Amino acid sequence: MAPKETMTDAAYNLMTKRKKEIEFARLWQEVAKTMEIPDEKLQRKKAQFYSELMLDTRFASLKGNKWDLRSRRKFDEF
């Protein structure tokens with residue numbers, strides 16, 4: 001049995017299909033939809049997702065609450 005995909009793994013998979021950065025709110029909507037997170041858990045999971053995103057080195061936090069894959073960014077852009 002394969003382990004269940006994490007929220008950050010879902011975000012990574014979604015972002016690899018995109019060619020540019022994405023606003024956090026939109027990224028969260030796409031992850032929540034992909035993972036079928038129930039409405040009653042959305043708020044709690046959103047905070048957890050944001051924390052996990054901040055700690056995951058695959059992602060880069062950009063100005064304007066936008067996110068991108070670190071591999072697509074130059075070091076001086078952070």
Side-chain angles (χ1 to χ4, degrees):
M1 183 171 145
K4 189 174 181 181
E5 183 177 53
T6 65
M7 290 185 288
T8 52
D9 288 340
Y12 183 81
N13 291 334
L14 288 166
M15 290 179 76
T16 57
K17 296 173 187 170
R18 296 179 60 88
K19 300 295 182 202
K20 61 180 188 167
E21 70 272 356
I22 185 172
E23 290 181 1
F24 176 78
R26 178 137 185 225
L27 178 60
W28 168 242
Q29 288 174 342
E30 291 182 18
V31 167
K33 183 179 177 182
T34 299
M35 297 193 70
E36 300 175 353
I37 297 173
D39 289 341
E40 63 272 6
K41 292 185 178 182
L42 282 177
Q43 201 57 28
R44 183 173 53 87
K45 290 286 190 179
K46 183 178 183 179
Q48 178 185 346
F49 174 61
Y50 191 85
S51 295
E52 291 175 2
L53 206 58
M54 290 292 291
L55 296 172
D56 193 318
T57 59
R58 298 177 290 180
F59 302 98
S61 175
L62 308 172
K63 292 180 182 177
N65 202 20
K66 292 184 179 183
W67 291 83
D68 201 359
L69 296 178
R70 187 171 297 275
S71 60
R72 294 195 287 225
R73 296 291 170 164
K74 295 178 185 173
F75 182 75
D76 61 353
E77 291 181 277
F78 302 117

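Everything numeric in this text was worked out from a predicted model, so none of it was measured.
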Quiz item: Can you check side chain to side chain contact (heavy atoms under 4.5 Å, CB included) on W28 and L53, steps first, answer last?
Solution: CA-CA 10 Å; W28 168 242; L53 206 58; over 6 Å; no
Got a list of side-chain donor-acceptor pairs under 3.5 Å for residues 30-37, not counting sequence neighbours?
residue : atom : partner : partner atom : Å
E30     : OE2  : R26     : NE           : 3.3
T34     : OG1  : E30     : O            : 2.8

Side-chain donor/acceptor pairs under 3.5 Å, residues 7-24, sequence neighbours excluded:
residue : atom : partner : partner atom : Å
T8      : OG1  : T6      : OG1          : 3.2
D9      : OD1  : R58     : NH1          : 3.2
D9      : OD1  : R58     : NH2          : 3.1
D9      : OD2  : T6      : OG1          : 3.1
N13     : ND2  : E5      : OE2          : 2.6
N13     : ND2  : D9      : O            : 3.2
T16     : OG1  : Y12     : O            : 3.4
T16     : OG1  : N13     : O            : 2.8
E21     : OE1  : R73     : NH2          : 2.7

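- Taking NZ of K46 as the start and CD of Q29 as the end, the distance is 8.0 Å to the nearest 0.5 Å.
- Within a 6.0 Å radius of CD in E40, more than 12 heavy atoms belonging to other residues, nucleotides or ligands are found.
- Separation of atoms CG (D68) and CZ (F59) is listed at 10.0 Å; rounding is to 0.5 Å.
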